[in-house]
Amino acid sequence: MDPSITPSMASSSTSSIRKIFKYDVFLSFRGEDTRTSFVDHLYHALKQKSIHTYKDDEEIKKGENITDELIGSIEDSKFYIIVFSKGYASSSWCLNELVKIMECQKTNEHTAYPVFYDVEPQEVRKQEGAVADAFDILKNKEAAGIWRKALKEAADLAGWELKNTDDGHEAKFIRKIVEVVSLELRSISFNIDEKLVGMETRIKDLVPSLGIGCDDVRMIGIKGMGGGGKTTLARAVFDHISFHFEGTSFVENVREKDSLSGLTQLQNQVLSDVLNDKDIKVSGVYEGKHMMKRRMPNRKGLVVLDDVDHINQLEALAGDPNWFKAGSVIIITTRDEQVLVAHRVKFIHDVNLLSYEEAICLFSRFAFGRDIPIQGYEELSRQVVHYAAGLPLTIKVLGSFLCGKDELEWIDALERLKTIPETQTLKKLEISYISLEEDYKEMFLDVACFMKDWGKDAAIKVLECCGFHARNGLRVLQQKSLITMYYDILDMHDHIEEMGRNIVRRGHPDEPHNHSRLWVEDEIGEILANDLGTKATRCIQFHSMKFNPHIFIKGLRKMKELRFLSVDGYSSSDLEFSMAGSDFPNAIRYMDWSNYPFSSLPTMFQANNLVALKMFRSRIVQLWEGGESKVFNKLRFLDLSYSRLSTIDLGLTPNLETLTLHSCRDLLELHMTAGCLKLTSVDIQGSRLSALDLRLAPNLEKLLLSECNNLEKLHLPGRCLNLIELTLTDSKLRTFDLGMTPNIEKLTLQESCCLKELHMANECQKLTKLNISHSKLRTFDLGMTPNIEKLTLQESCCLKELHMANECQKLTKLNISHSKLRTFDLGMTPNIEKLTLQESCCLKELHMANECQKLTKLNLSHSKLRTFDLGMTPNIEKLTLQESCCLKELHMANECQKLTKLNISHSKLRTFDLGMTPNLDTLNLQESRCLEELHMANECQKLTKLNISHSKLRTFDLGMTPNLDTLNLQESRCLEELHMANECQKLTKLNISHSKLRTFDLGMTPNLDTLNLQESRCLEELHMANECQKLTKLNISHSKLRTFDLGMTPNLKKLSLKECHKLVELRTPIGCLNKLVHLDLSGCLGFSSFLFYIVDYTSCSVDESLEVGPSAKLELIVETLERCPLHPDNNLPKFQFECLYKEDRTSFPTNLEMFLSVGMCACTNLETFSQNICGLRRLRKLELKGSFLETVKDLDQLESLEELILSSTTIKHLPDSICMLKHLKYLELIDCLLLERLPEDLGRLECLEKLTLQSTTIKHLPDSICMLKHLRYLRLGFCWLLEKLPEGIGELESLRILTLSSAKIKHLPDSICMLKHLQYLRLEFCWLLEKLPEGIGELESLRMLTLSSAKIKHLPDSICMLKRLTFLQLDHCLLLEKLPEELGRLEHLRYLEVRGTSIIHLPQSILLVKGLRIFGSRELLESCGFTSEIQGPLYDCYVQL
């Protein structure tokens, strides 16, 4: 048996315990053996740890039935300690106790621990040795069997054996037992306190700093705001670790008890608790200190001093670590961090407020008695928790208050909290405020009312302007846990902010005009509007979207003590504001008015106390009205950024320290008539200054002049000894002299596009960053800059010479891109990390140190380097030699362990050895047209992208590249052998176009997405895995493959086998083309052209009955052939196909794989061919060319057909079934010279939009054509026998274009004038046409009218009503003698052609149409008065009106 035991060995789970026991421990022992020795010592050790223990001679009262009492005590005890001694088994009393104990042990509510005092477990388990001797006198008793079983079960439990523990030392043995029991009890008590939330995590965070088990004395501070859980955390930690100590003391409310009864009583408590001596009494603090020094070092103690607020308390209760024994821990909770700092407490822990989840759980436990809100109260609970903002005290108070109340009472309570803070919390928080000194109280109230979420520096600036010592003050507030700092941002808990504002209000709760600080917009508006201001008001913060500035300023006049004014709002921009009668209180020290509406400050304002003036985006043009020269004697900070200021005289601000005029776009002049000796910071970015003289400001530290686009002259003091930062971008400076600036750290002359000369001191010892990008400098000498870290000469397109010190020890980043440097010596730059010489197109020589140990990135793209030695660069990660077209030699170290990206594209390298680059991720040797040899390591484990396009490699072994994702060997025209690993599990893209490979085995590439073997004209064999599940794009065009098996490629979307002339067999298993969107078989199989593609229009609706998308298009062009290339002697009909498939979604016609087999050769059985064609339910377009004696049978089965084209066929008539194509939109019959008629029911093609009849022998159109309501285009070309149009043609309400040429028509039906949407009417070479309908002017949409070579003699007058007509062509109408006189009414007419007519003059009205171009004979145009205006050659004359 293991003699040690831990809490995890307990037989029951502490987390499930809910029963409260009367006793913690029940001691079972034989009195004669151990009562006055071991058990007595154990009992007192347990008692000292406050473990309530049952021991029979102590607890049983005289006269009571001992048996009943004993059984009750056993049942009411949590733990049992069974002390087995040599005589234990001889006592039936002890054995009956044991039986009852083992009975209770089995219930999982109790835990028994055996202690083997002077016997061994084996002896008890098997009743051997001394135990057997003792049991001998009872072995024949009736209960002997039960006793034996109980002894065995008890011996089997985990417990302790004295002789095997701590060398048999009883004291250590007892201490170990007590520690385990204490730990178990602590765990139980911790779980019983169900209202502790999140404490386990907080204890774990704190315990490591306690140093449990260390030999030093550890003092730990827990600080935080009132009500934040400091005491609760300290108590939980105390309970958690107290068993480790010989004496413990938890001193609550030190601050309060000190004020009531003094420190002496607290010293008595610590001494009594730790020493376990209740008789200790000290008469005074000094005596108490002396006694603690003398007696406390004898016991390892745990002391908690709760709510300490003064150093005196610590000096009296824990004056020095040497007061305590090694291993002691003192925990101090306080609101004031300074108390801990002053007492040299090294470990200070901030208490964390509750998270939202923890807060909602804690609140629910107090409000509902459960971990989550009850139904219907979730949102109300969320509002309460939001108000509490993680503060445990507030959560507990509000949870208890709202417990049992109904919904309306909750809502009422929440509304009240918006105006009346929760009192109990505020009282607790105010304790920290009360202890502050008066000036710190004022600062706290300023922060609470105005400065939450401000930057620390901004707050210090304002508070110092108001006369406070702000840096120390804010530190005190932070130490008092009244404010916090996160990344130099001021913050405070919502309740502390509420407490501060409540302090301001409570003296005059209903009289805001008597408050010292005002921040509520409505209250301020009412005070100012009613002129209620008083001397009580010290600070105002007013943010309003709209207000009257006159009323506002007038209302300030009674606030004589106003020191802080912050205004942000908008005034009506259409008002002209005058400063007449306006004034500010002269006590103002800090004024911030964004969007200030006046052009200057009021004359009556003396500004004697003004320290800071900030007017962001104001209308201010000049400081004083009327140009008055009133001096601001105390002004230190001036910020008029984004104002309309045009000029400023710094002679009015003799004590100015900071000047900010950022983006004052109207600023033309800045005068410095007197010295500005205190001026340290100037920001005039974005001004229109052309010259700036700062020679009278010798103490400048910061100068910002970005985007001063007009600046041509800048004068600095000859000695500017304090200047640290100078930013001067986008200026027009041609020369610049920096002068003596020994402390300059940052110099930025970015975008100085005119800068040709820059003079710097020989030594700039502190310069770390220098940026002179986009300048016109030709030469530049960096001088002595030993601390330079970053140098940027980017886009220095004129730079030919750069001189640097031999050593730039701290230089880490250097950018000299786009220069004209021919040679460059980097010198000694041991810390260089990034070097960019990108686009240095003239660079022929680069000298680097042999070792650049820290270099990680090097860019030498587009250089003229012929050779380059990288030297020792063990940390290089990225090397770019892109477009290094002259590079013939590259030397790299044998090992570049950290290199991840290497780009040497377009070089002239013939051979390249990559060396050991185990972390290489990307290698680009693109366009390396001279590369014949490439040596790579056998294993490139991390390589993902490899590009060696356009090389001269003949063979290439990829080696072990298990992570390769992309391999590009494009245009590798010499490549004859490629060796890849059997498995390239991650390869997704492979391009080996234009190679000389004859065979290629793809191996196992399960993730391959794209394979390009385009123009592999020697490729005869291609081996692919049976399954390429992720392959989407495959191009094997122009190969010599004869057969190709696609295998299982269910995701294939794009396949090109174009011009694979020898391909005679293509195996496409069913399902392998389900997702195909593009297929090109042009020039192979039986297809002269085969293009198939899908465009995804996910928003389109789909006609599910046809299984075809609205944008789906399957176009098939079938042309007859004389012979089949594969079977020249076959007598079957022969066809060649052109196919285009376009679809809106990735579903696929189920019989396309079958149709591909049709194209294997040209000869096809006509019946089979017809069946296959008509089986293509998704066929959108069908074109038949050549000698077809009849159309494809059963055309009506092509339900999706939209376009039917018959070209050069021998067809005489169309089958009537064509009229059943309900989706047909386009019908074209071209060069069908034998076609004599159309089906009479052609009008049933309800979707038909376009009808073209060209070069047919049709004599008439069926009348049903007038039923085509969607017909938009009707083209009747070269229909020589066509004699008339249907009389009802006017019923074609959608017709837009009507073309009729070379027909025998004499007149047009009058109904044609009903075509309201007709836009183009072309009547060409209709030699018999004699007239137009008189009502032709009713064609209101007509834009073009063409009458060529007709017999028309005159035009109807109504033609002048065609308001939209822009084109009128009447050429070669030989009989036409005149135009209508009112033709000039056609105001939109732009083209009129009358060549070849008999017209001898034009109507006068036509000459008034502006923009009209008239084509006619020169005689006609001259007769109309045009001479010089006539343009063009003799037979193509025109005039432009």
Side-chain angles (χ1 to χ4, degrees), residues 217 219-235 237-238 247-275 277-296 301-324 328-345 347-349 351 393 424-438 440-441 476-477 479-482 499:
V217 175
M219 288 191 181
I220 296 96
I222 301 176
K223 74 177 183 70
M225 59 186 292
K230 299 183 298 298
T231 302
T232 305
L233 176 58
R235 172 59 74 181
V237 171
F238 181 85
T248 62
S249 179
F250 194 104
V251 185
E252 294 181 307
N253 301 320
V254 171
R255 172 187 53 81
E256 183 179 343
K257 290 179 179 177
D258 179 21
S259 63
L260 294 176
S261 55
L263 293 171
T264 303
Q265 183 174 333
L266 298 178
Q267 289 176 321
N268 280 326
Q269 179 181 342
V270 173
L271 286 164
S272 298
D273 291 347
V274 174
L275 301 176
D277 185 352
K278 302 303 180 184
D279 297 327
I280 292 179
K281 297 291 180 185
V282 295
S283 58
V285 173
Y286 180 79
E287 182 187 352
K289 288 181 181 180
H290 181 71
M291 185 175 290
M292 293 180 80
K293 287 180 188 179
R294 184 166 54 84
R295 298 194 59 183
M296 295 286 281
L302 170 62
V303 178
V304 175
L305 304 176
D306 176 50
D307 195 17
V308 173
D309 72 340
H310 200 280
I311 187 67
N312 292 343
Q313 296 158 359
L314 291 180
E315 290 175 346
L317 301 174
D320 196 270
N322 62 22
W323 288 13
F324 303 90
S328 296
V329 173
I330 295 88
I331 299 174
I332 307 156
T333 74
T334 182
R335 306 171 189 220
D336 190 351
E337 183 182 8
Q338 183 59 31
V339 173
L340 301 174
V341 173
H343 199 57
R344 303 291 193 273
V345 175
F347 301 96
I348 300 176
H349 180 83
V351 67
L393 175 62
Q424 189 173 341
T425 302
L426 293 192
K427 284 182 179 178
K428 182 116 179 172
L429 295 176
E430 197 172 333
I431 294 170
S432 297
Y433 170 78
I434 293 170
S435 65
L436 293 172
E437 297 181 18
E438 288 304 315
Y440 294 156
K441 287 182 179 179
V476 168
L477 299 183
Q479 291 174 331
K480 294 281 188 180
S481 301
L482 290 170
M499 179 262 291

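Side-chain atoms are counted along with the backbone in the values below, which use heavy atoms only and exclude waters and symmetry mates.
- Inter-residue side-chain proximity for Q313 and H310 is flagged as met; some heavy-atom pair is nearer than 4.5 Å.
- Rounding to the nearest 0.5 angstrom, the gap separating the CE atom in M225 from the CD1 atom in I431 is 12.0 Å.
- Residues L233 and I222 meet the side-chain proximity criterion, which asks for heavy atoms closer than 4.5 Å.
- Y433 OH to K480 NZ: the interatomic distance, rounded to the nearest 0.5 Å, is 13.0 Å.
- Between L340 and I332, some side-chain heavy-atom pair lies under the 4.5 Å cut-off.
- What you find for M219 and D320 is that their closest heavy atoms are CE-C, 4.1 Å.
- If you take OH on Y286 and CE on M291, they are separated by 13.0 Å, rounding to the nearest 0.5 Å.
- Taking OG1 of T264 as the reference point, atom NZ of K289 lies at 10.5 Å (rounded to 0.5 Å).
- The side chain to side chain contact (heavy atoms under 4.5 Å, CB included) test with L275 is passed by exactly one of D273, D279, L271: L271.
- Rounding to the nearest 0.5 angstrom, the gap separating the CG atom in L266 from the CD atom in E252 is 11.5 Å.
- When only modelled atom types and interatomic distance are considered, E337 and Q479 share no side-chain donor-acceptor pair under 3.5 Å.
- Under the 3.5 Å distance criterion, the side-chain polar atoms of S328 are left unmatched by any main-chain donor or acceptor of F324.
- Using a 4.5 Å cut-off on side-chain heavy atoms (C-beta onward), M499 and K427 make no contact.
- Within a 6.0 Å radius of CZ in R294, more than 12 heavy atoms belonging to other residues, nucleotides or ligands are found.
- No side-chain donor-acceptor contact under 3.5 Å links K278 to the backbone of S272.
- Within the 4.5 Å cutoff, the side chain of L305 has no heavy atoms near those of the I331 side chain.
- Judged by distance alone, the side chain of H343 and the main-chain N or O of A318 form a donor-acceptor pair under 3.5 Å.
- By the 4.5 Å heavy-atom criterion applied to side chains, F238 and L302 are counted as neighbours.
- Nearest heavy-atom pair, A316 versus V285, reported as atom, atom and distance to 0.1 Å: CB-CG1, 3.9 Å.
- The structure places CG of D258 at 4.0 Å from CG of L263, a figure rounded to the nearest 0.5 Å.
- For CD of Q265, the number of neighbouring non-hydrogen atoms (other residues, nucleotides, ligands) closer than 6.0 Å is 12 at most.
- Contact check for L482 versus S432: side-chain heavy atoms found under the 4.5 Å cut-off.
- Of all non-hydrogen atoms in S249 and Q269, the two that sit nearest each other are OG-O, 3.9 Å.
- In plain terms, the two heavy atoms of S481 and K223 that are nearest each other are OG-C, 4.5 Å.
- The two atoms that bring L314 and V339 nearest to each other are CD1-CG1, 3.6 Å, heavy atoms only.
- A heavy-atom distance below 4.5 Å is not found between the side chains of D336 and D309.
- Residues G226 and L429 share a closest heavy-atom pair of O-CD2, 3.1 Å.
- Judged by distance alone, the side chain of D307 and the main-chain N or O of T334 form no donor-acceptor pair under 3.5 Å.
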Checking side chain to side chain contact (heavy atoms under 4.5 Å, CB included) for the pair I220/V329: CA distance, chi angles, key distance, verdict?
-> CA-CA 8 Å; I220 296 96; V329 173; 3.9 Å; yes
